[in-house]
Amino acid sequence: MSHPVQAAEFLQDAAKAKWHDETLWFVRDKRDKISHTIPEWEQLRELASKIKDNVLGNLDIYLEDFERNATKNGIKVHWAKDAEEHNAIVLSILQEKNCKAIVKSKSILTEECHLNPYLEKSGIEVVDTDLGERIVQFLNQPPSHIVLPAIHLKKGEISDLFHEKLHTEKGNDDPTYLTQAARVHLREKFLGAKVAITGVNFGIAETGEFVVCTNEGNADMGVHLADVHIACMGIEKIIPKRQHLSVFLRLLARSATGQSITNYTSHFRSPAAGREMHIILVDNGRTAQLGRETFRNSLKCIRCGACMNTCPIYRRSGGFSYESTVPGPIGSILSPGLDLKKYSTLPFASTLCGSCSDVCPVKINIHEQLYAWRQEITKAQGTSPKSLSMSLGNGIFKSPLAYKISGTLMRAALKTLPDSLIYNPLNTYGKSRDLPELPKESFKDWYKKNRG
Amino acid sequence: MKPESPHIALFIPCYVDQFYPEVGVSTLELLEKLGCKVSYPQGQTCCGQPMANAGFERNTVGTTRHFIETFKDYDYVVAPSGSCVLHVKEHTPSIPGLEKEQAELHHKVYELTEFITDVLKVERIDGSYPHRVGYHASCHGQRGLRLASSSELNEEPFSKAKKLLENLAGLEWVQLSRTDECCGFGGTFAVTEEALSIQMGKDRLEDHMVHGAEILTGGDMSCIMHLQGIASRNKQTLQFKHIAEILNEAIS
């Protein structure tokens, strides 16, 4: 299904769509307020963007530094060129440890690699320990937001779900009560897992350590109770030095949720005595994106989710409407690099309003890349304005009436006056909107008469 | 400006020409009242934005060449549209043989309010407009041309439009909850993502209405056409005017 179809469906439940919009706007507003308390906020963004420029320009060097230093620290470093290799590495470690149940803290990379279904097929129980992720896991859904995985659900729905899965009281939707039930449930899972998987927010080249940020402490709880820690990291998460954390950590939580810092900012450097620590460095399309000059700096993303919270489209269409692991504006510039055809409607799911670029803590020019992807998509589909009606049928656009509007304006562009503009059956445009009244003369006519 | 002042070309977007001639007239009269020598080059067509935003920038070479040839000999080009001006500056393909003219043009094409504040250096406009006015900041003007501070950025608040409106006697500036959220027009987006476009428009209208706006104004008629169309369909009584109309009325 294309984005417009999904979005229209989401908007069917008007009350819930409004709630979704307002809830995410609340997060965006919190982010505005806290970022305005930092006088050097814009300099921090600039600095973060430049550090990331340096990283992307020297990624090979930093990755090798990281590998060398991490190995010195006793971490086992693995390289995976794609999702399949990544998943196979995880499975081989689990098999070696004869491990049948794992706990996993939030990692969008493992979502991207579809690790859970892969491991489950091999008979391994995977428990996502982030509360929001556990909720969507119960529902067999992917996260709808990269920071707030269950933001599409209201507390009543979670109450019903927990009643079914965790036998909480029917109808009790008190958040404290429900959270307590999840804690008790997860505690048992933490105690039973020999291996814990985490994501990585920052890998530090100079020290070979890595940092994981959570609000629930679930990464630490999992890691400290398990014999083996497997950290899964996209290769773009490298930063050169530990001191650069002072830039990124200040931006990350403020941009994500309006907090000054995440509740837990955990630094992992080497395994405890008798334990193992693995890190898997995953490419999965990242070097291809690095090779695309126009789209390269999408790899600066620190996965704060601020562009989702600010996006007027995301807020009103929900994360699932994008059908992509990373939804929202940043997903719409990352995903076409993975599969141009599958994600061809995403760069069009935008008014190019530019709010995403202004909110981005690492200054990714998201809306400009959306525009640039549109140019690539029409090229790849071999369409021209004249054959636009073909591509309309092929799913770039939902409605052939787009052609009529743009076609008419195109004719205007080609020096043919849009005489017929008003007479076209602009059904889609006019479905819920009145067209302007046709004036008795155009400006050009008026000018000729009065000033000509 | 004095009689020997620079020669200004009026760039009237194609849909304004066709649907909103009064906005063109107001822009022309307003600039003249401010002492400008203004001409309307009659060979002008569309800037090519609808094609480019739909993914066909490469097919706008002819349109862009025509645009440059039409406007290159003027000292300034002024349009009552942030969106079309942004397109001309940022999204037109490079035209072989006209590189110099094109580069110069990008520096002399202005949206109306920025031309008045930044080139004419008008500090205030005096006049009377006793109405409650809500301002819809078009995204391309707001975040593209930086006609006002952006709510996402940590910067000193400013607004070129507000600067021009705020001294009009009797005008009450309506403070919105979401000062610079998109209205959902977005060109072909209005049709391809119709459901979202309408919902975004309704939400913008509600923000203006709950804060008691009597007139909704802005610098881009495309946003206003979309919002007006939704309001009209839903029998909402808000009035709609381009900022050029308000300024022109206020000082006459």
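Remember, predicted model here, so these are calculated numbers, not experimental data. Letters A, B, ... mirror the listed sequences (proteins, then strands); counts begin at 1.
Of all residues in residues 223-233 of chain B, those placing a non-hydrogen atom less than 4.5 angstrom from a non-hydrogen atom of chain A are B/Met225, B/His226, B/Gly229, B/Ile230, B/Ser232, B/Arg233. Residues of residues 148-160 of chain B lying within less than 4.5 angstrom of chain A, judged on heavy atoms, are B/Ser150, B/Ser151, B/Glu152, B/Leu153, B/Asn154 in numerical order. Listed by sequence position, A/Thr310 are the residues of residues 304-311 of chain A in contact with chain B, using a 4.5 angstrom heavy-atom cutoff.
Between A/Phe10 and A/Phe320, the ring center distance fails the sub-6.0 Å criterion.
The one candidate from B/Cys139, B/Ser81, B/Pro13 that meets the side chain to side chain contact (heavy atoms under 4.5 Å, CB included) condition with B/Asp220 is B/Ser81.
Remark: A/Arg254 engages no residue in a side-chain hydrogen bond (donor to acceptor under 3.5 Å, both in side chains) (not counting sequence neighbours).
For a residue to count as touching a neighbouring chain, one of its non-hydrogen atoms must lie under 4.5 Å from one of that chain's; by this rule A/Asp29 does not touch chain B. Proximity to chain B involves both the backbone and the side chain of A/Ala349, based on heavy atoms less than 4.5 angstrom apart. Of the two parts of A/Leu352, the backbone and the side chain both hold a non-hydrogen atom closer than 4.5 Å to a non-hydrogen atom of chain B.
Residues A/Ile377 and A/Phe348 are in side-chain contact: their nearest non-hydrogen atoms beyond the backbone lie under 4.5 Å apart. Residues B/Leu105 and B/Lys72 have side chains not in contact (no heavy-atom distance under 4.5 Å, counting atoms from C-beta outward).
The most heavy-atom pairs under 4.5 Å with chain A, out of B/Glu90, B/His91, B/Gln49, B/Gln199, come from B/His91.
There is a side-chain donor-acceptor pair under 3.5 Å between B/Glu193 and A/His3. A donor-acceptor contact closer than 3.5 angstrom is absent between the side chains of A/Asp358 and A/Ser355.
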